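Keep in mind that this is a model prediction, so the values were computed, not measured.
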Amino acid sequence: MAEYSRDSIKNIALIAPHGAGKTSLAEAMLFMHGATDKLGKVDDGSSTLDFESEEKNRNMSINSHIAFFETKNNLINVIDTPGFLNFLYETESAIKTVDGAVLVVEAIQGEVSVQTRKYWDMAGDIPRIIFINKLDRDNTSLEDTVKSISKELGVKALPFTLPIGEEGNFKAVIVLIDMKAYTYDGDGKVQEIPIPEDLMEKAKAAREHIVEAVAELDDELLEKYLDGEEINEEVIIKMLHQGILDAKIYPVFAGSATNLIGIKALVGGICRYLPSPIERKPLKVKNRDGEDIEIEPKEDGQPAAYIFKTISDPYAGKISIFRVFSGSIKSDSIVYNSTKGTKEKFSHLHRLIGKKEYPIDIAQCGDIVAVNKLKEAHTSDTLCDEANQIIIPPAELPAAVLSFAIEPKSRNDEDKLNPSLARIHEEDPTIQYHMDDETNEFLLSGTGQSHVEVIVKKLKDTYGVNVELHTPRVPYKETIRGRSKAEGKYVKQTGGRGQYGVVSIEIEPLPRGRNFEFVNKIVGGAIPKNFISSVEKGVVDAMKTGILASYPVVDIKVTLLDGKYHPVDSSDMAFQIAGSMGFKQGMKDARPSLLEPVMKMEITIPEDCMGDVIGDVSARRGKVSGVDSLAGTHLINALIPMSEILTYAPELRSITSGRGSFTMDFSHYEEVPGHQAQKIIEESSKGKGAEE
């Protein structure tokens, strides 16, 4: 492999919603530049990049995949990112790692999908170019799609290539800056052809639009342009490069990834117009004192690298993929992990194309490479020099918004569950798992249903752990609304020493959140002191299962008023049982009620979805407490019962066409409405009957 100067390297991410053709585009780039010996296809499972079994089964990328290829003068590192909303963290981590992005847009129907805007905005301020894909399909239009891009994304989109032929007859493109046309065959061979006469005037006019956009970037150039002076090609390319870096121009390339049309032209645009690693803006980091500083992308600078992805391979072990932002790291060196505060011994470094490794000796500023079997390193860790410690801020983890109860199928599965999830968490830090003390369920949480399903499939296929998923139980509680007095009497004579304990108690409600209070008002030794705690213990034990639906009881005050004991037959156990019996009887007479957990939610949505989302919140028995406007979006603050939002994530995505998101935290408990409470009680009774 040739050596490349840092200004000859391009690091790009392919971004788009699912179905736009990012993986097909990456496969076409690799094949046409000799990085792979056959064209991988998503539909038939032969993709080099989507190599995991679940990706093949679903025909979609679940993880970001890394590859590289070489052109005549450049080394291009490509990160093919997922386009499904459950896996946005992978895309965000990739964007943090690269210097430029290619937004892939479907040409079908000539409209930009509503989700495309989300990926466009996610790219932030990194330079971008646009590839309009699938122009060989029916009902496609470059002009309509460019208009839609300009309108929906709010940018000045300029075609840099024009198609020759439409739909099924699309076979070639015109590269406008060079005013040359190229045709493509199914084997990836490119041949220059004359620009068709009927497209010459259209091509000249389109090129003139580009030159005009260039002239507007510089007052001196604009004056020459208005005076009719010709701007030479070298200046045009230089100014376009700068205009794209400054986010003033957005080039549009046209093609078909599956038919290899326009791919070489796109790669030429990447090499010409997107920045190299040394053109990247200084990286904002924190030093060992927590102060904000910046580091320049220098070859001879202090080493600074960021692990943006971890692969946990059952055979190769842990693979850490990282980007070097400054300095260099050699194979067999010792590097400081400033996130963990530990030293890491590096083994051999390598580049990746999918899962295939290509060994290298050194990773320099701008390189995206991998290393195996680092002991402590995880995703988002910073690697640096111990004497010059820094922390590169990690990509923000999305909230886990959908939970399932997960049940191992066997004792062996149960033993392997936690260590297997720990390994998966190294790859995917967005998953959460824990034992819920209130429902006694093991919960697995993720960013959506597909995310959780993928984790379960990986548990089975990679780690041999078989589990079942269930909708988690809502941790309802029971309380009372009134006051009552009751007697608990436990008298048992069976020959010999018996059991004797009698208590008189009063129960009353406490303010919400006060949980439990026990008051002893025994006077005159009606119950010996050593049995008072036994009564309280019996009450507390009875509170674990209420009388309505067997949920824990909360917010109750119990006062011990009187009682009786026997000098021989009374015992700790007798008074525990008497306390429990008295409590259950008293609760029946004190107007018991069900409580449900209510979640505080912040729902971020586009403006055009406001009415639908607020209507949906009301339908879920929710209360909107406020709405804030945030740069074209709205933030709805609401309180919604937990039982109404167990499957909210996919439903919000459906209402907002994937543009909505939310976070939630527990707020408080409140009483369940009567008709709803009756349904819960009936379901609980059915459950008990089934168990019996």
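- With a 6.0 Å radius and a threshold of 12 heavy atoms from other residues, nucleotides or ligands, E396 has its CD atom at or below the threshold.
- No donor-acceptor pair under 3.5 Å is formed between the side chain of S684 and the backbone N or O of I680.
- The closest side-chain donor-acceptor pair between H668 and E670 falls under 3.5 angstrom.
- In the model, E441 has no side-chain atom that pairs as donor or acceptor with a side-chain atom of H470 under 3.5 Å.
- For E216 and K248, the salt-bridge test fails: no basic side-chain N is under 4.0 Å from an acidic carboxylate O.
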Evaluation steps, side chain to side chain contact (heavy atoms under 4.5 Å, CB included), between K309 and T97: CA-CA 10 Å; K309 184 168 181 59; T97 302; over 6 Å; no
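- One side chain, D80 or T23, offers a donor N or O that lies under 3.5 Å from an acceptor on the other.
- Side-chain N or O atoms of D436 include one that pairs as donor or acceptor with a backbone N or O of E438 at under 3.5 Å.
- You'll find the side chain of T339 stays beyond 4.5 Å of the side chain of H378, heavy atoms only.
- Formation of a donor-acceptor pair under 3.5 Å by the D50 side chain with backbone atoms of K56 is not found in this model.
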Working for side chain to side chain contact (heavy atoms under 4.5 Å, CB included), residues Y89 and T447: CA-CA 9 Å; Y89 176 74; T447 56; over 6 Å; no
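- No more than 12 heavy atoms of other residues, nucleotides or ligands sit less than 6.0 Å from atom NZ of K151.
- Between the CG atom in D616 and the SG atom in C609 there is a gap of 11.5 Å [rounded to 0.5 Å].
- Under the 30°/60° scheme for interplanar angles, the aromatic rings of F253 and F160 are found to be tilted.
- Proximity of a side-chain donor or acceptor of E596 to a complementary backbone N or O of S643 within less than 3.5 Å is not detected.
- A side-chain donor-acceptor contact under 3.5 Å links T145 to the backbone of S141.
- At a threshold of 4.5 Å between non-hydrogen side-chain atoms, the residues V98 and I12 do not count as touching.
- With ring centers used as reference points, F666 lies under 6.0 Å from Y669.
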Criterion side chain to side chain contact (heavy atoms under 4.5 Å, CB included) on L274 and D99, from CA distance to verdict: CA-CA 8 Å; L274 289 182; D99 308 311; over 6 Å; no
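- Other residues, nucleotides and ligands contribute more than 12 heavy atoms inside 6.0 Å of the CD atom of E294.
- Among the candidates E453, E427, E54, the single residue satisfying the salt bridge (charged side-chain N to carboxylate O under 4.0 Å, His left out) test with K458 is E427.
- Side-chain atoms of N133 do not come within 3.5 Å of backbone N or O of V104 as any donor-acceptor pair.
- In this structure, the side chain of T140 engages the main chain of R137 through a donor-acceptor pair within 3.5 Å.
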F87 vs H451, side chain to side chain contact (heavy atoms under 4.5 Å, CB included): CA-CA, chis, key distance, verdict: CA-CA 7 Å; F87 309 105; H451 185 207; 3.8 Å; yes
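- Classification of R117 and E152 as a salt-bridged pair fails, no side-chain N sitting under 4.0 Å from a carboxylate O.
- In this structure a side-chain-to-backbone donor-acceptor pair under 3.5 Å is present from T382 to I392.
- Under a cut-off of 6.0 angstrom, the local environment of CG in D292 is crowded, with over 12 non-hydrogen atoms contributed by other residues, nucleotides or ligands.
- A distance-only check finds no donor-acceptor pair linking the side chain of T479 to the backbone of S593 [under 3.5 Å].
- D555 contributes no side-chain N or O that, together with a main-chain N or O of L510, makes up a donor-acceptor pair within less than 3.5 Å.
- In K340, the NZ atom is crowded: over 12 heavy atoms of neighbouring residues, nucleotides or ligands sit closer than 6.0 Å.
- At least one side-chain heavy atom of E27 sits less than 4.5 Å from a side-chain heavy atom of L49.
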From CA spacing to verdict: side chain to side chain donor-acceptor pair (under 3.5 Å), S625, N637: CA-CA 5 Å; S625 56; N637 293 287; 5.3 Å; no
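- The structure places CG of D121 at 11.0 Å from OG1 of T116, a figure rounded to the nearest 0.5 Å.
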